[in-house]
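Taking it in order: structure first as structure tokens, then the write-up.
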Amino acid sequence: MSLSAWEQRQSRWNRLHLCVVLLWSMALLLERFVTERGTLLIQNVLIPLSFLTAGGWMFRRREKAGADFWLLAGFLCWYAVTRILNGCHYLQDESGFLPRLACFILAIYPLAAEWEADRREKAFHFCLALFTGVLTILAWVSLYAAIRGEPVQPFSFARVIGFNDVYGARLNLWDLHPNVTAAIFVAGFGMSLCGVSLARRWPAKAAYAVAAVSLFAAASLTVSRTAMIAASLEAAGFVFLLIAGRLPSKRKALCVVLALLLACGTAYGAYKGYEAIVSGVASASQALQHAAETTLPTPQPELSSADTTEEPASSAADSIPAVSQTEGGSPANSAGDGIIPQNRELTQDLLTLTGRTNDIYGAALPVLKQRPSILLTGSLDGETIGIATRMAGRPLYHWHNSLLQTLMLTGIPGFLAAAAFLVLVVIAGVRTFFSGKAPLYRRLLVLPVAGLCLQGMLESYLFCQVELPFYFFLVLSGYLLAFDRENRVRRK
């Protein structure tokens, strides 16, 4: 086979791999939007295609599989073993999770390693533009739903985007928990900041900047303190890299200190800004509803003595759920009062973050003492958190920490594999972030990866869920490690 024919064959495999990875993002969105269609697409089309792609990659490019890939592959194998050791002998309870986890690790993560160095940047730019564009559209729909005061449901069979009775005045996509929704928007916010540097023309840079503002505003409406801390740090890192890249050689230490101070101010201002965004959207929603009630008065029919008393019809304002009562004991606002920001002060109760430290993290050691076998064989999903729920005396749903959740599910072996992978990601991120020779967009790529890592330490997004946050984390961290290896090869 000639070299040109081999290159053409490689190019076709690369494009197939890219299409499969991008189809996964669309299918995950479709599954949340229309569950049955998305699930069928994943089970009948994407999972077989993903295993085909993974097999082709392992056959052709297995020499490019580094320690990071083998750590994830080892985690996958050990996860399956722990299910069997805990009584799920035929993996019957993992039919929905385990194949997807295998596709995430074996097909989605190696995307960056699939491409040669000269074409990797183009593939990354295409992924970044697609992800940012789709998430920006979702952010606009979310903002429209918030200002309009009613959730958006494009079709009668589809789930809604906006506010519902489950989560109160907290934005969510398709009944996803607001914290998961926030993680998706914050990941898009970090990718849009990276796109500002990667785009070469000013219209494209402006489009990424508009996307960044829209995604930050949508993340603010979820009222997720974890996500807003991550978004604030991403904004601070963006400002620091922009300033540090233009520092003069003279008095560089003083300029770096100035850049750090500006970055810290940006972080604090960004965090406090989400309250202003939520309040502004609430005011706009209330003004719009008041204008609608003024211009379109409801006609009052004449009532006779024979008419029975009926319940008053609900107005558009009634569709905004009330904010649930906060821990401080303040009463919930009525549904017609619009979107009211919850108490999420940065300086109040920062360490506990709604009870994580005392109730959830504090129950980990007693649970392990009660069932020490967990340290080796792990447990089935829901067993350990059920014990913690009885200890805490209130409902707990997960361990609010990806590594702790991994320890409870897979024991020490799975925990070590996941932790070692995160260490490699952190090392590559630090090395890239402070590299003076790396292009700016690669240094900015550290921001969304760091944001997802931070949220993963306060939520259970990584390794234990196969939703969009873990998907974005694998794709972006794969590119980060591939770019880091490329930079080290060039230095040699």
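Heavy-atom basis, side chains included; hydrogens, waters and symmetry copies ignored.
- Smallest separation of non-hydrogen atoms from Ala230 and Leu454: CA-CD2, 3.9 Å.
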**Study point:** side chain to side chain contact (heavy atoms under 4.5 Å, CB included) evaluation trace for Arg442 with Tyr479
**Key:** CA-CA 9 Å; Arg442 296 187 181 184; Tyr479 271 106; over 6 Å; no
Exercise for review: Test Tyr461 against Phe473 for ring pair (Phe, Tyr, Trp, His ring centres under 6.0 Å), laying out the working first.
Suggested key: CA-CA 9 Å; Tyr461 301 147; Phe473 175 75; over 10 Å; no
Exercise for review: Step by step, work out the side chain to side chain contact (heavy atoms under 4.5 Å, CB included) result for Phe470 and Leu452.
Suggested key: CA-CA 8 Å; Phe470 190 40; Leu452 287 169; over 6 Å; no
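- Here the side chains of Thr136 and Phe131 are not in contact, with every heavy-atom distance at 4.5 Å or above.
- Annotation for Ala438 and Arg443: closest pair O-CD, 3.6 Å, computed over non-hydrogen atoms.
- When all heavy atoms of Ser192 and Thr132 are compared, the closest pair comes out as CB-CG2, 3.9 Å.
- A donor-acceptor distance shorter than 3.5 angstrom exists from the side chain of His17 to the backbone of Ala107, with no hydrogens or angles considered.
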Practice item. Take Ser142 and Leu173 through the test side chain to side chain contact (heavy atoms under 4.5 Å, CB included) and record every step on the way to the result. Key: CA-CA 8 Å; Ser142 302; Leu173 296 173; 3.6 Å; yes
Exercise for review: Kindly indicate, with the supporting measurements, whether the criterion side chain to side chain contact (heavy atoms under 4.5 Å, CB included) is fulfilled by Leu101 and Phe75.
Suggested key: CA-CA 10 Å; Leu101 182 63; Phe75 170 80; 4.2 Å; yes
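- Under the 4.5 Å side-chain criterion, counting only non-hydrogen atoms from C-beta, Ile42 is in contact with Leu28.
- Under the 4.5 Å side-chain criterion, counting only non-hydrogen atoms from C-beta, Cys194 is not in contact with Leu447.
- Distance CZ/Phe104 to CD/Gln465: 10.5 Å, rounded to 0.5 Å.
- Put simply, the side chain of Leu445 does not reach to within 4.5 Å of the side chain of Thr432, judged on heavy atoms.
- If you take CG on Leu462 and CG on Leu474, they are separated by 8.5 Å, rounding to the nearest 0.5 Å.
- Proximity of Ser214 to Trp140: side-chain heavy atoms (C-beta onward) are separated by under 4.5 Å at one or more points.
- Heavy-atom minimum distance, Ser50 versus Val20: OG-CG1, 3.6 Å.
- For the pair Tyr79/Thr406, no side-chain contact is recorded, criterion being any heavy-atom separation below 4.5 Å from C-beta on.
- Rounding to the nearest 0.5 Å gives a distance of 11.0 Å between CG of Leu221 and OG1 of Thr181.
- Interatomic distance, OG1 of Thr226 versus CG of Leu458, reported as 4.5 Å (0.5 Å rounding).
- Between Phe463 and Gln405 there is no side-chain heavy-atom pair separated by less than 4.5 Å.
- Note on Glu31 versus Arg100: salt bridge recorded, some NZ/NE/NH1/NH2 to OD/OE distance being below 4.0 Å.
- A ring-centre distance under 6.0 Å is not found for Phe185 and Phe216.
- Ile229 places none of its side-chain heavy atoms less than 4.5 Å from the side chain of Gln455.
- Atoms CD and CG, on Glu459 and Asn401 in that order, are 9.5 Å from each other to the nearest 0.5 Å.
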Exercise for review: Would you check, one step at a time, whether the test side chain to side chain donor-acceptor pair (under 3.5 Å) holds for Tyr109 with Asp68?
Suggested key: CA-CA 10 Å; Tyr109 177 72; Asp68 50 333; 2.4 Å; yes
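- Taking every heavy atom of both residues into account, Ala218 and Ala139 meet most closely at CB-CB, 3.7 Å.
- With values rounded to the nearest 0.5 angstrom, Glu234 atom CD is found 10.5 Å from Leu444 atom CG.
- In plain terms, the two heavy atoms of Leu111 and Cys127 that are nearest each other are CD2-SG, 4.1 Å.
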